[in-house]
Novice: 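This is the structure, below, for whatever I ask next.
Throughout, protein chains are lettered first and strands after them, A, B, ... in sequence-line order, and every chain is numbered starting at 1. Hydrogens, waters and symmetry mates are skipped; everything else that's a heavy atom, side chains included, is used.
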There are 2 protein chains.
Amino acid sequence: MERQQGSLSERKAALLRALVRHYIRTGEPVGSEALAAASGLHVSSATIRNDLAALEELGYLTQPHTSAGRAPTDLAYRLYVDMLPSRTKLRDAERRAIVTFFDEALADVDEILRGTTQLLSRLTRYASLAFAPSVGESSIVRSELIGLGSATLLLVVFGTGRVEKRVIEAPPGASEDVLERVSRTMMQAFRGKTLGEARVEAEERTKVASGDERVLLERAGEALRSMEDAPDSEHVVMGGVSNIASEEGFNRRDTLRQVYEALERESAMLGLLREAAAISPVSVSIGHENPIPGMWEASVVAAPYAAGGGTVGTIGVVGPMRMDYAAAISAVRAVADRLSAAVEALRT
Amino acid sequence: MERQQGSLSERKAALLRALVRHYIRTGEPVGSEALAAASGLHVSSATIRNDLAALEELGYLTQPHTSAGRAPTDLAYRLYVDMLPSRTKLRDAERRAIVTFFDEALADVDEILRGTTQLLSRLTRYASLAFAPSVGESSIVRSELIGLGSATLLLVVFGTGRVEKRVIEAPPGASEDVLERVSRTMMQAFRGKTLGEARVEAEERTKVASGDERVLLERAGEALRSMEDAPDSEHVVMGGVSNIASEEGFNRRDTLRQVYEALERESAMLGLLREAAAISPVSVSIGHENPIPGMWEASVVAAPYAAGGGTVGTIGVVGPMRMDYAAAISAVRAVADRLSAAVEALRT
DNA sequence: CCTAGCAGTCGGAGCGGCGGAGTGCTAAAA
DNA sequence: TTTTAGCACTCCGCCGCTCCGACTGCTAGG
């Protein structure tokens, strides 16, 4: 009968931790002898062997073949991450890099995010991604209807730090006058509203208008809806993706391909990150925990960033399962914090 | 003494062509026997061996080891491409895919380009990139100065299908009145001009203005210059980059990494594509012909696209040296043509 | 419950031999 | 002079082999 903690005896947990740490460093299956030396536990390798066998039985370890050491499974990584001290200190150089980056205040969200991914991938040596905040929640600063050519108009909506635009066909033969009027109306009516509110407003006004004006307002409403549903700005910014190719944790060529394919599916990544955003403050998805099959050999460390009291987006890194979780987590956390502040500052 | 054509006897050229074709298919060094069968030439393998030795001497071929067949060098690919019939017909399915894609007229240049890269990489199975047209040459449709918060303004310039924006700090304590005035001035003065002309205009007006107005105009001028020098819109969009990871032409892991690293350096890619844009209508850079060391194992097929009489951007594909040049060239050409038309249509 | 010892297993490195693909050369034919 | 057939030679890659070492699991004793 074992003393239990969580569901594992203390020693087994310590062993597992040591093993994962060792495996992350070397990438080679770990043997009982090596563990005896590295774990700091004062027990013989034979004892350790017994424990290892038990841990394997429980699904935490695998043996590539009978006479090899053990390698961690997804489950082991999960336990390892959960056992990680909740905060590890960032190294000075890294902290400094982050501060320096955010010191030079950039004014454009896209620019900030691009820089952020580069920063993050430089810090961690993994690929990094950022999910841009949607214009949806923030309020409209200004909106414009601009004549582009004979019969095309461009509806432009400025949010905080973001711009959405949609092309609208003008009704054939619509007078300058009408265009002007509608443009002015919208400009005044939309200011300070969110996208959703603006759309409702447009719909309201559609009902009471007629003729060309009605058509225009209707189309503007559609455009607003499209901005809500699929904003241009709602995309994923990536940095350091070549790190994936260098990463020896992805040893099989096929794995590499799958990860790159997954990264290319914006929508998939969006889902992955959005899911992570719900979990505060830093979420880690390991191997098969990822919803996308192509990422089953990879891990994702993600954190939401917030401004004005609400989450607006997510950043994260993608690396091999044997990534340096402690470093990745603290880097992502620190960058997310700073990023929140930077985005907050933009909202002035 | 040989009958020369170009600088190679006719048979040698034919041999080289057959060899490259074969190597592209198989990826294995080609032997004299196989060539005798494949080339269609009615000569014995012994004769071919002699020619091969000569071609090797001339630097067109290499032998991995004494008892292996021959593989083409960069030089051979170059000759092969130059000997390619100037136009090969696109397969029906491909032509149809292109037409279908451009049929659904998209209104936003960025959207079109993103779609174009996806189309191109689906057609060719290589990674593809597109270099967005700069707003620089096209004329300004509208420009706006928008108050974002307490002391920040956003200068927004609409070109044809593109938007550039820059943040400007307002002079502390500047009156609404001044802002309004400057905004109106610029709106009228810039319309129809190119970015460069608008900047000159701003500089002119700076000279005769004073006080806050002068400061504002000066900063607007700087913003315009920054748009000229480093437009937001001047970026590279990529598609199908995971094709690089699947591509067995990149057999060494290290090569893969280098190509991905190169692709991440936007500026490098820009240079590469811009160079290609000068050469009409389709340019091919093979191996060491590429200016970036990381791309020395790769080939780039690129073509400019034009609208309104001038080149506005470039599209291209990146693949292994043993790529299917004929297919890539015709796909790139066809897509570039259609893209030109689509962008042209945008300028209405 | 832990440990020492030991037999057993299995992959990987190293080695030699073999077969095959392909070459270069030579000498004869066109 | 060019082409061809024939032939000896080279060298890679594969196969099977053995051996080594790194582990394990088990057993028996503390």
Side-chain angles (χ1 to χ4, degrees), chain A residues 1-5 8-16 18-20 22-23 25-73 76 251-252, chain B residues 1-5 8-16 18-20 22-23 25-58 60-73 251-252:
Chain A
M1 197 60 55
E2 280 177 356
R3 200 160 26 114
Q4 306 266 127
Q5 159 195 309
L8 241 44
S9 83
E10 208 160 315
R11 193 181 61 205
K12 289 211 183 76
L15 232 32
L16 199 57
L19 187 144
V20 172
H22 196 284
Y23 186 82
R25 258 220 330 279
T26 65
E28 304 275 308
V30 189
S32 56
E33 207 82 44
L35 259 187
S39 67
L41 263 39
H42 292 205
V43 287
S44 78
S45 62
T47 311
I48 291 178
R49 276 200 292 282
N50 287 328
D51 286 354
L52 289 183
L55 284 169
E56 183 172 3
E57 188 67 28
L58 290 169
Y60 290 108
L61 301 175
T62 45
Q63 254 179 320
H65 55 265
T66 330
S67 75
R70 258 84 172 197
T73 62
N251 37 16
R252 290 202 313 281
Chain B
M1 199 58 57
E2 278 175 359
R3 198 161 28 113
Q4 306 266 125
Q5 160 196 309
L8 242 42
S9 83
E10 209 161 314
R11 192 181 61 205
K12 289 211 183 76
L15 232 33
L16 200 57
L19 187 144
V20 172
H22 196 284
Y23 186 83
R25 259 220 330 281
T26 65
E28 305 275 309
V30 189
S32 56
E33 207 83 45
L35 260 186
S39 69
L41 264 38
H42 292 202
V43 288
S44 78
S45 62
T47 311
I48 290 179
R49 276 199 292 283
N50 287 327
D51 286 355
L52 289 184
L55 285 169
E56 183 171 4
E57 189 67 27
L58 290 169
Y60 290 108
L61 301 175
T62 45
Q63 253 179 322
H65 54 265
T66 332
S67 75
R70 258 84 171 197
T73 62
N251 36 17
R252 288 202 314 279

Novice: Only counting residues at least two apart or in another chain, list the ones meeting side chain to side chain donor-acceptor pair (under 3.5 Å) with B/Ser39.
Specialist: none
Novice: Rounded to whole angstrom units, what separation is found between the NE2 atom of B/His42 and the C1' atom of C/dA30?
Specialist: 18 Å
Novice: What integer distance in Å separates B/Leu61:CG from C/dT23:P?
Specialist: 11 Å
Novice: Using the C1' atoms of five pairs at each end, what's the angle between the two axes of the helix from C/dC1-D/dG30 to C/dA30-D/dT1, to 10 degrees?
Specialist: 30°
Novice: Rounded to whole angstroms, how far apart are CD on A/Glu28 and C1' on C/dG12?
Specialist: 12 Å
Novice: How close or far is atom P of C/dC2 from atom CG of A/Leu15, stated in whole angstroms?
Specialist: 11 Å
Novice: Mind listing the N/O atom pairs, protein and nucleotides 22-27 of chain D, below 3.5 Å?
Specialist:
unit_1	atom_1	unit_2	atom_2	d
D/dC23	O4'	A/Ser67	O	3.3
D/dT24	OP1	A/Arg70	NH1	3.4
D/dT24	OP2	A/Ser32	N	3.3
D/dT24	OP2	A/Ser32	OG	2.6
D/dG25	OP1	A/Arg70	NH2	2.9
D/dG25	N7	A/Arg49	NE	3.1
D/dG25	O6	A/Arg49	NH2	3.2

Novice: Name all residues meeting the salt bridge (charged side-chain N to carboxylate O under 4.0 Å, His left out) criterion together with B/Glu28; count only those two or more places apart in sequence or in a different chain, and write none if there are none.
Specialist: none
Novice: Would you compute the distance between atom CZ of A/Arg49 and atom CZ of A/Arg70 and round it to the nearest 0.5 angstrom?
Specialist: 9.5 Å
Novice: Checking A/Arg11 now: which residues fulfil salt bridge (charged side-chain N to carboxylate O under 4.0 Å, His left out) with it, not counting sequence neighbours?
Specialist: A/Asp51
Novice: Sequence neighbours excluded, which residues qualify as side-chain contact (heavy atoms from CB on, under 4.5 Å) partners of A/Thr62?
Specialist: A/Ala71, A/Thr73
Novice: Send over the distance from B/Lys12 NZ to D/dT3 C1', rounded to a whole Å.
Specialist: 13 Å
Novice: Just jot down the side chain to side chain donor-acceptor pair (under 3.5 Å) partners of A/Ser67, sequence neighbours excluded, or say none.
Specialist: none
Novice: Between B/His65 and B/Ile48, which is nearer to the 5' end of DNA chain D once each is assigned its nearest nucleotide?
Specialist: B/Ile48
Novice: Tell me every residue that passes side-chain contact (heavy atoms from CB on, under 4.5 Å) with A/Ala38, counting only those two or more places apart in sequence or in another chain.
Specialist: A/His22
Novice: Of all residues at least two apart in sequence or in a different chain, which pass the side chain to side chain donor-acceptor pair (under 3.5 Å) check with A/Thr47?
Specialist: A/Ser44
Novice: Could you please name the option among D/dT3, D/dC11, C/dC10 that lies closest to any side-chain atom of B/Thr47?
Specialist: D/dT3
